[in-house]
Amino acid sequence: MVASIPLPPKQKIDEKNVLASETPSPAPVVAKEKTEPPPKPNEVAIPKKITKPVKVAEKPTPEPPKHPTPEPPKPTKAATGEAPGVRVAMATMQLKNGTASVNVEDKTFGARFAYYINIVNKKVAEQWFTQEADPVASNGKRVTIVFDINRDGVPSNPRVETRSGSPSLDTSAMRAIQRVEGFGPLPAGDHITVEYSFDYKRQ
């Protein structure tokens, strides 16, 4: 028969173990939440109405001005005796009492330097004084003078190629060549031979 039952030995208390302490730490004081009173109506700020920015249509950027394109030079009006669009070694000028025509033996020169042929034609025509020709005997007649032009553009060696039958007309044509001092230096070559015809027509 058992007189008494032995009690279990008392557990050693670890002072560092808070859970095993006989004097537990007091629970932290929880602060009571403070309830803020609702704001007064006049204290509530009314949010301003947000206005959307007005969209402004973007103006198209004007293109920079284009550089003017120079128009190609229009072909000059063909003088009498010249076919338009075809450069020939012949030029004709209408005068008060007839026409004056110039031609060169070197067709290549005439076609390439038509401007120079026109200069020759103009200068000789300016020096042809038709009043020197007998209007009756020279009417409807043609005389052709041939002469040379050297490198410096000076006419020389004029001679009658075809007589007109009117001595006064032949003389006036020859004088027209002799009055010209020069046409300007040749654009190419040492010399050219020119055939110049004077057609007299009485007004």
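Throughout, residue positions are numbered sequentially from 1 according to the sequence presented.
- Checked by atom type and distance alone, the side chain of Asp170 pairs as donor or acceptor with a backbone atom of Ser164 at under 3.5 Å.
- Looking only at atom types and distance, the side chain of Tyr196 has no donor-acceptor partner in the side chain of Asn103 under 3.5 Å away.
- Heavy atoms of other residues, nucleotides or ligands lying less than 6.0 angstrom from CD of Glu181 number 12 at most.
- Under the 3.5 Å distance criterion, with hydrogens and angles disregarded, a donor-acceptor pair is assigned to the side chains of Thr144 and Ser197.
- Atom CG of Asn118 and atom NZ of Lys123 lie 13.0 Å apart (nearest 0.5 Å).
- Taken to the nearest 0.5 Å, the CD1 atom of Ile177 stands 11.0 Å off from the CZ atom of Arg159.
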request  = In sequence, state the C-alpha distance, the side-chain angles, and the governing distance for Phe147 and Asn157, and then conclude on side-chain contact (heavy atoms from CB on, under 4.5 Å).
outcome  = CA-CA 5 Å; Phe147 61 98; Asn157 194 25; 5.9 Å; no
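- Under a hydrophobic clustering in which Ile, Leu, Val, Met, Phe, Trp and Tyr are joined whenever their side-chain heavy atoms come within less than 4.5 Å, directly or via other members, Ile119 and Trp128 fall into the same cluster.
- Val160 is linked by a side-chain contact (heavy atoms from CB on, under 4.5 Å) to Val143, Ile145, Arg163, Met174, counting only residues two or more places apart in sequence or in another chain.
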In a table with atom names and distances, give each donor-acceptor pair under 3.5 Å that connects a side chain of residues 185-193 to protein atoms at least two apart or in another chain.
{"unit_1": "Asp190", "atom_1": "OD1", "unit_2": "Arg151", "atom_2": "NH2", "d": "2.4"}
{"unit_1": "Thr193", "atom_1": "OG1", "unit_2": "Asp148", "atom_2": "OD1", "d": "3.0"}

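- Residues Val154 and Ile149 fail the side-chain proximity criterion, which asks for heavy atoms closer than 4.5 Å.
- Every residue two or more places apart in sequence or in another chain that forms a side-chain contact (heavy atoms from CB on, under 4.5 Å) with Lys122 is listed here: Met93, Glu126.
- Counting only residues at least two apart or on different chains, the salt bridge (Lys or Arg N to Asp or Glu O under 4.0 Å) pairs with a member in residues 191-203 are Arg142-Asp199.
- Between Phe113 and Tyr115, the two ring planes are perpendicular [angle over 60°; tilted spans 30° to 60°].
- Counting all heavy atoms, side chain and backbone alike, Pro167 lies closest to Gly165 at CD-O, 3.6 Å.
- Between Val120 and Phe183 the shortest side-chain heavy-atom distance falls below 4.5 Å.
- A distance-only check finds a donor-acceptor pair linking the side chain of Asp106 to the backbone of Thr108 [under 3.5 Å].
- The side-chain contact (heavy atoms from CB on, under 4.5 Å) test applied to Glu132 returns Phe129, Ser172, Arg175, Arg179, not counting sequence neighbours.
- Atom CZ in Phe198 sits 11.5 Å away from atom OG1 in Thr130 (nearest 0.5 Å).
- Ser166 meets the side-chain hydrogen bond (donor to acceptor under 3.5 Å, both in side chains) test with Ser138, Ser168; sequence neighbours excluded.
- Between atom CZ of residue Arg112 and atom CD1 of residue Ile117 there is a gap of 13.0 Å, rounded to the nearest 0.5 Å.
- Tyr200 meets the side-chain hydrogen bond (donor to acceptor under 3.5 Å, both in side chains) test with no other residue; sequence neighbours excluded.
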